[in-house]
K.L.:
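I have a structure I would like to understand better, so I am pasting it below and will then ask my questions one at a time.
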Amino acid sequence: MKGEERQHLTVREYVADLSARGRYHFISADAQAALGVSPAAAKLAINRLSKQKVIASPARGFYVIVPPEYQALRCLPADQFIPDLMKRLGLSYYAGLLSAAQYHGAAHHRPQEFQVCLPVNRRPIQCGAVRVVFIVRKQIAEVSVQPFNTPRGTILVSTPEATALDLVGYAHHAGGLDNAATVISELAENIDPEKLAVAARAAPLPWAQRLGYILDLVGSSDKTAALKAYVHQHSKHTVTLLPSESRKHSRPNRDWKLYINAEIDVESL
């Protein structure tokens, strides 16, 4: 063989090279190929670097590089790796509910976990101090989303209108209907009435009925005309405001075809 034998990269050099090129994630197979070693040797090298908290693994075989500013988290923030992870998994997604509300300026309480909507079930992620939970969203391809910039690229987030509907539909993931209504009251100024009626088509009709009532309750009736027309055109049933409670002793609300079976306490902002 002519010349000296080629020197392979170390895993630390591989990671430094990725960072220098503005890339902050990799998969184990790519690392193995770059290092030119066996799968077992690559795994050992990756594990050593992981113990040094230089990298972290939010999902099996998927690694993120942890820059100095995120050493305390021991992981990248969720919005900086979720888009790449979902692309790797081939899954449609969007940041939703309380996490989406934050992007739209409704950050009354900082959520303890990052909430992502998917078309299928997936176990939560715990990566250092970062926790990601997944919520199954039917008709996900029809949900209105928009991109937001992050330090590592862009992430898809539900629009204010779709976020408000999801907060009602998944109130148990938003701290209950009282907290959902409080967040919706903050979100309301960003809601476009016509876009809200369009967004309602990708959600179960009772979500629109409950959201319309809540928007009226928090003083945002100026946002509900198109939604009310949609509800009256399509709703054939009167539903309860709080699905988990009986409608006994409830009072009817004809505007939204609801049985008001709970009092909503909206926190003062």
Side-chain angles (χ1 to χ4, degrees), residues 94-101 104 106 108-109 111-113 115-122 124 133-144 158-188 191 193 196-221 223-267:
Y94 62 85
L97 290 103
L98 296 176
S99 296
H104 299 300
H108 192 60
H109 294 298
Q112 299 298 307
E113 52 196 23
Q115 296 174 311
V116 176
C117 292
L118 294 179
V120 294
N121 277 312
R122 187 169 176 84
V133 294
F134 299 102
I135 296 107
V136 176
R137 179 63 158 92
K138 294 180 179 177
Q139 294 178 269
I140 193 167
E142 299 168 38
V143 176
S144 301
S158 53
T159 61
E161 299 78 20
T163 301
L165 286 157
D166 280 356
L167 285 167
V168 171
Y170 299 107
H172 56 295
H173 285 293
L177 201 56
D178 288 351
N179 192 57
T182 299
V183 177
I184 288 166
S185 70
E186 294 181 87
L187 203 57
I191 289 176
L196 181 60
V198 172
R201 297 172 190 167
L205 195 55
W207 295 12
Q209 293 168 258
R210 293 172 186 132
L211 175 58
Y213 173 79
I214 289 171
L215 286 170
D216 283 349
L217 185 71
V218 301
S220 295
S221 298
K223 306 287 185 174
T224 62
L227 186 66
K228 189 178 292 184
Y230 173 78
V231 165
H232 280 266
Q233 182 180 356
H234 296 280
S235 176
K236 295 180 174 57
H237 304 288
T238 302
V239 299
T240 54
L241 175 62
L242 199 61
S244 59
E245 298 294 326
S246 166
R247 76 181 199 192
K248 191 176 181 181
H249 306 305
S250 65
R251 65 183 189 278
N253 178 287
R254 290 184 177 82
D255 281 346
W256 297 104
K257 298 188 178 182
L258 281 176
Y259 292 114
I260 308 305
N261 63 340
E263 296 301 322
I264 296 179
D265 182 18
V266 179
E267 195 173 328

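What you see is a predicted model, and the numbers here were worked out from it, not measured in a lab.
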K.L.:
Side chain of Arg210, backbone of Leu241: donor and acceptor closer than 3.5 Å?
P.N.:
yes

K.L.:
Looking at residues at least two apart in the chain, or sitting in another chain, which of them share a side chain to side chain donor-acceptor pair (under 3.5 Å) with Glu161?
P.N.:
Thr159

K.L.:
Go through the steps to decide whether Phe134 and Gln115 satisfy the test side chain to side chain contact (heavy atoms under 4.5 Å, CB included), and finish with yes or no.
P.N.:
CA-CA 6 Å; Phe134 299 102; Gln115 296 174 311; over 6 Å; no

K.L.:
Evaluate the side-chain proximity of Val116 to Val133: yes if any heavy-atom separation is below 4.5 Å, no if none is.
P.N.:
no

K.L.:
Which heavy atom of Thr163 sits nearest to which heavy atom of Ala101, and what is that distance?
P.N.:
CG2-N, 4.0 Å

K.L.:
Going through the distances and angles, do Val266 and Ile184 end up as a side chain to side chain contact (heavy atoms under 4.5 Å, CB included)?
P.N.:
CA-CA 10 Å; Val266 179; Ile184 288 166; over 6 Å; no

K.L.:
Report yes or no: does Lys223 contribute a side-chain atom to a donor-acceptor pair with the main-chain N or O of Ile191 at less than 3.5 Å?
P.N.:
yes

K.L.:
Going by heavy atoms in the side chains, are Val143 and Arg137 under 4.5 Å from each other?
P.N.:
yes

K.L.:
Indicate the atoms forming the closest heavy-atom contact of Ala208 with Leu227, along with that distance.
P.N.:
O-CD2, 3.7 Å

K.L.:
Does Ala174 offer a backbone N or O that forms a donor-acceptor pair with the side chain of Asn179 under 3.5 Å?
P.N.:
yes

K.L.:
I'd like to check Ile135 versus Leu97 (side-chain heavy atoms, cut-off strictly below 4.5 Å). Are they in contact?
P.N.:
yes

K.L.:
Could you give all pairs that pass the ring-ring contact (aromatic ring centres under 6.0 Å, His included) test and reach residues 227-252, with sequence neighbours left out?
P.N.:
Tyr230-His234

K.L.:
For a quick test of reading the model, state the closest non-hydrogen atom pair linking Glu186 to Ala106 and the distance between them.
P.N.:
CB-CB, 3.6 Å

K.L.:
Is a side-chain N or O of Ser220 found less than 3.5 angstrom from the main chain of Ala188, in a donor-acceptor match?
P.N.:
no

K.L.:
Side chain to side chain contact (heavy atoms under 4.5 Å, CB included) for Val136 and Val120? Distances and angles first, verdict last.
P.N.:
CA-CA 5 Å; Val136 176; Val120 294; 5.8 Å; no

K.L.:
For Thr240, does its backbone N or O pair with a side-chain atom of Asn261 as donor and acceptor, under 3.5 Å?
P.N.:
no

K.L.:
Restricting to non-hydrogen atoms, name the atom on Leu177 and the atom on Ile214 that form the minimum distance, rounded to 0.1 Å.
P.N.:
CD1-CD1, 4.0 Å

K.L.:
Using every non-hydrogen atom in the two residues, find where Asp166 and Cys117 come nearest and quote the distance to one decimal.
P.N.:
OD2-SG, 4.2 Å

K.L.:
Going by atom type alone, with no hydrogens or angles, which donor-acceptor pairs under 3.5 Å involve a side-chain atom of residues 250-260 and a protein atom two or more places apart or on another chain?
P.N.:
unit_1	atom_1	unit_2	atom_2	d
Ser250	OG	Arg247	O	2.5
Arg251	NH1	Glu263	OE2	3.0
Asn253	OD1	Asp255	N	3.2
Asn253	OD1	Trp256	N	2.9
Trp256	NE1	Asp216	OD2	2.8
Lys257	NZ	Ser235	O	2.8
Tyr259	OH	Arg247	NH1	3.4

K.L.:
Identify the two heavy atoms, one from Ser144 and one from Ala162, that lie closest to each other, and give their separation to 0.1 Å.
P.N.:
O-CB, 3.6 Å

K.L.:
Would Leu98 and His173 satisfy side chain to side chain contact (heavy atoms under 4.5 Å, CB included), going step by step from the backbone distance to the final call?
P.N.:
CA-CA 8 Å; Leu98 296 176; His173 285 293; over 6 Å; no

K.L.:
Taking the side chain as everything from C-beta on, heavy atoms only, tell me whether Leu196 gets closer than 4.5 Å to Thr224.
P.N.:
no

